[in-house]
Amino acid sequence: MPDPKKSVSLTGLSVNDDIFNVVISEINSNSGSAIPQPVMIIGQAGAGKTTLLKSIYSSDICQEKSKVWIDGRTIFCSEDITLKASCADASIVFIDDMDFYLTRCSYEEQFKLRQFLYNDGGPMMIGTVRKVLPALTEYEAPFFEGLKNVYIRPIPSDYISRLFDEQDTVRAHSLMSLLPPTIKSVETVYGIIKLNDFPEKDTTILLSVFSDNYRHYYENLPTNSQHILNAFDSVDTSMTIPELRDKTGLPTNVLTAYFRTLHSSGVIKVDKSIKRKTKYSMRDPLFQLWIKQSVGP
């Protein structure tokens, strides 16, 4: 079996060029502005945010400007940003994974950063986050307004056909149905197909790529949470609370308490399209398949 973690060069796939052009246009329009508008690039894990941000950082227009790059994981207060920007006399501040700052710091702390950015002569900020956070949507949040939010869209299906012949395109679509529609997923699928001559092994290899992460997450869940996830028989399974109660043997109050945690962490999704008959299902079909094969009923 080929090594699923072995890197395979993926060429001919250009994504996020439109986002790149939008941000470059914003940099151009902000040039010379007393108070440049911050830009937030929003996209799920694997969407290519860091690669995109690095491309903008290295672009011709940014080569001419003083700038600083900050890893969001290193930020615990606004001074971690403002001091680095001031020391570099930066006209642009690039912050990757700004989720950490927006979730770690209070709104009072975030107002300090806003004041720094929105003063005459303040630097332009370009950041990335994985999802729309309360710090970007709540009315009282410092960054509720004044930001330009740019969203990275899911990879369209026609990108797959640019990479593979007809037979391998079918394989690729089958694997992509188990993964989020991101550039990282396409790269993973591309590597599997290019390294594996046996299509019947595709799903097994894909599972092996994520198996360690799934096992670590699953084994650290409370037992009742494991019972809930075990109840989903297939990737198409969706159930109501009464159905889950019958299947797990857990009383409703216990079931809903554990469900709340699984939902807030993004493991479970909710479908309320049918009135009084809310359905629940697992968000990650590959994780569900891993549970079925690795844990069993």
Specify whether [X] and [Y] have parallel, tilted or perpendicular ring planes, treating 30° as the upper limit for parallel and 60° as the lower limit for perpendicular.
| X | Y | answer |
| --- | --- | --- |
| Y57 | F94 | perpendicular |
| Y190 | F164 | tilted |
| F287 | Y217 | perpendicular |
| Y118 | F143 | tilted |

4.5 Å side-chain heavy-atom contact, [X] and [Y]:
| X | Y | result |
| --- | --- | --- |
| P38 | L147 | yes |
| Y107 | E138 | yes |
| V22 | K148 | yes |
| I27 | I92 | yes |

[X] atom [atom1], over 12 foreign heavy atoms within 6.0 Å:
| X | atom1 | result |
| --- | --- | --- |
| E108 | CD | no |
| Q167 | CD | no |
| K65 | NZ | yes |
| E243 | CD | yes |
| E79 | CD | no |
| N21 | CG | yes |
| K184 | NZ | no |

Under-4.0 Å salt bridge between [X] and [Y]:
| X | Y | result |
| --- | --- | --- |
| K49 | D97 | no |
| E109 | R104 | no |
| R215 | D212 | no |

Look up atom [atom1] in [X] and atom [atom2] in [Y], then write down how far apart they are to the nearest 0.5 Å.
| X | Y | atom1 | atom2 | result |
| --- | --- | --- | --- | --- |
| Q226 | T248 | CD | OG1 | 13.5 Å |
| E187 | L163 | CD | CG | 10.0 Å |
| L286 | F210 | CG | CZ | 6.5 Å |
| L229 | N224 | CG | CG | 11.0 Å |
| T169 | E166 | OG1 | CD | 7.5 Å |
| S86 | F116 | OG | CZ | 4.0 Å |

So N230 and Y218, side-chain hydrogen bond (donor to acceptor under 3.5 Å, both in side chains) or not? Walk me through it. CA-CA 10 Å; N230 293 349; Y218 180 87; 2.9 Å; yes
Is it the case that the side chain of [X] and the backbone of [Y] share a donor-acceptor pair, with hydrogens and angles ignored and the cut-off at 3.5 Å?
| X | Y | result |
| --- | --- | --- |
| Q110 | L102 | yes |
| R114 | P142 | yes |
| D80 | C77 | yes |
| S208 | I205 | yes |
| Q37 | N30 | no |
| S294 | I291 | no |
| T256 | N253 | yes |
| S58 | S55 | no |
| S29 | E26 | yes |
| S91 | S66 | yes |

Go through the steps to decide whether I41 and I126 satisfy the test side-chain contact (heavy atoms from CB on, under 4.5 Å), and finish with yes or no. CA-CA 8 Å; I41 301 169; I126 304 175; 4.3 Å; yes
Test log, rule side-chain contact (heavy atoms from CB on, under 4.5 Å), inputs L136 and F144: CA-CA 5 Å; L136 302 177; F144 170 72; over 6 Å; no
Go through the side-chain N and O atoms of [X] and [Y] and say whether any donor and acceptor fall under 3.5 Å apart.
| X | Y | answer |
| --- | --- | --- |
| D271 | Y280 | no |
| Y101 | S78 | yes |
| T182 | S185 | yes |

Who pairs with R130 by side-chain hydrogen bond (donor to acceptor under 3.5 Å, both in side chains), at least two apart in sequence or on another chain?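 Per chain and number, R130 pairs via side-chain hydrogen bond (donor to acceptor under 3.5 Å, both in side chains) with no residue.
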Just do the side-chain contact (heavy atoms from CB on, under 4.5 Å) check on M98 and M40 with the steps written out, would you? CA-CA 9 Å; M98 200 170 172; M40 194 66 67; 3.6 Å; yes
Please assess V267 against R283 for the test side-chain contact (heavy atoms from CB on, under 4.5 Å), listing each intermediate value before the final yes or no. CA-CA 6 Å; V267 179; R283 188 175 296 276; over 6 Å; no
